[in-house]
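Have a look at the structure below before the remarks.
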There are 2 protein chains.
Amino acid sequence: MKKKKKNENSSKIFEYHDHGACFGDAITQIEDYFIQKKLQLTPLRRKVFEILIEDHKPLGAYDILDKLGEAGFSSSPPIAYRVLGFLIEHGFVHKVQGLNAFIACSNPKHSHFPTFVICRKCEKVAEVSEEKSGLNLPSPRITNFKIEKTTIELTGICSTCENAEIR
Amino acid sequence: MKKKKKNENSSKIFEYHDHGACFGDAITQIEDYFIQKKLQLTPLRRKVFEILIEDHKPLGAYDILDKLGEAGFSSSPPIAYRVLGFLIEHGFVHKVQGLNAFIACSNPKHSHFPTFVICRKCEKVAEVSEEKSGLNLPSPRITNFKIEKTTIELTGICSTCENAEIR
DNA sequence: CGTTGGTATGTTATGTTATAACATGTAATG
DNA sequence: CATTACATGTTATAACATAACATACCAACG
Ligand SMILES: [Zn+2]
Ligand SMILES: [Zn+2]
Ligand SMILES: [Zn+2]
Ligand SMILES: [Zn+2]
């Protein structure tokens, strides 16, 4: 049996990801999707998505508005909320309820009921796919109920922050 | 094999419950808990809990404030938020994030990661215990993360409302 | 006693998040 | 060119939440 490097298979949730690639892929994906669905990826929509994918962390609507303002767009609240709503509808953005914030989807290709794992200390947020979370959604139905949307957020502390905590 | 009545085992999530009993039990439970923990179940705290358990549905903080006002208590926002925070800490109230609303816990005895099932049409909300939801939380840990709190909300449509929808 | 510390509540002001309602611009369709 | 659909702009306000400080009460201590 081959020796494994330490932590090689730890599948850390907050581990490094190649964000250069992530960013490019995301842009390509949204472009393709919009063409395929005959939707308009307008400068405003593109900009909002870029803002969110740029540092790939949750941003409040008003943070986004500020950045829109800096970039020369209008920055009144409905602008952000409308575009965010639209991007959410199409699965490219999620709302993190526990933070009143919005985050670019990590994998829009998956039709998913995403789980968000949120460290209360470093405030990192990871989107985990249904399979990976160990969290099994019931059948698409619980008895007598059709699930259309889920909010699943697990808040706690990541190992890095936990180790740093003084007890 | 014995014949079952129709729907006998349907375990409907929004089914009737004996709310007279539910109300009384809840009051008893909170009284016992507060005595045991040497906490003060003050008139204000009791009233807030009663308001929530009374119709057993989610109420916004400002709805609660109005009812406090009617009952002769102060009704400035911090009053409600403080008491709600306290009751939440002790597991007698939950916040329903998707509705910005608060609801009395259906079973404070269970140390639980509750799941809320929310009908978007009739706006009924059911609290489902971990076991019953068919939703399995991961081990207390996902890799390298310690879960302290969960927000699990399933929004959709209940069978009653679905049947009523015109297609 | 009178002080001190803990806990609960009251009050004012403000901060933060989100939407309603209506106006304007622009492009495709017939 | 009128009609429609859609995207964006603008103003105002609604809805949700907290900061900061003031007051009240009570129990324990010296
Ligand atoms: Zn990334
Ligand atoms: Zn996603
Ligand atoms: Zn009840
Ligand atoms: Zn509960």
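Residue numbers start from 1 in every chain, and the chains themselves are labelled A, B, ... in the order their sequence lines are given, proteins ahead of strands.
Side chain of A:Gln40, nearest nucleotide from D:dA7, C:dT9, C:dA18: D:dA7. Nearest to the side chain of A:Val83, among D:dA12, D:dT8, D:dA17, sits D:dT8. Between C:dG10, C:dT17, C:dT19, one nucleotide has an atom nearer to the side chain of A:Pro77 than all others, and that is C:dT19. Of all nucleotides listed (C:dA18, C:dA8, D:dA17), C:dA8 comes nearest to the side chain of B:Arg45. Among the nucleotides D:dT10, D:dA12, C:dT17, the one closest to the side chain of A:Ser74 is D:dT10.
One finds no side-chain N or O of A:Asn100 lying less than 4.0 angstrom from the OP1 or OP2 phosphate oxygen of D:dC16. Proximity of B:Lys95 to the phosphate of D:dA17: a side-chain N or O atom is located under 4.0 Å from OP1 or OP2. Proximity of B:Ser76 to the phosphate of C:dT12: no side-chain N or O atom is located under 4.0 Å from OP1 or OP2.
With centroids closer than 5.5 Å and planes inclined by less than 30 degrees as the test, B:Tyr81 and the base of D:dT18 fail to qualify as a stacked pair.
A:Phe73 comes within contact range of no nucleotide atom at all, as no heavy-atom separation falls under 4.0 Å. B:Lys38 comes within 4.0 angstrom of nothing in the nucleic acid, heavy atoms only. Looking at heavy-atom distances under 4.0 Å, B:Arg82 makes contact with a base.
If A:Pro78 and A:Phe86 are placed on DNA chain D by their nearest nucleotide, the residue sitting closer to the 5' end is A:Phe86.
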Q: Give the intermediate values and the outcome of side chain to side chain contact (heavy atoms under 4.5 Å, CB included) for residues B:Ile30 and B:Ile53.
A: CA-CA 11 Å; B:Ile30 196 170; B:Ile53 196 77; over 6 Å; no
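Taking the six-membered ring where tryptophan is involved, the planes of B:His19 and B:His56 are tilted, since the angle between them lies from 30° to 60°.
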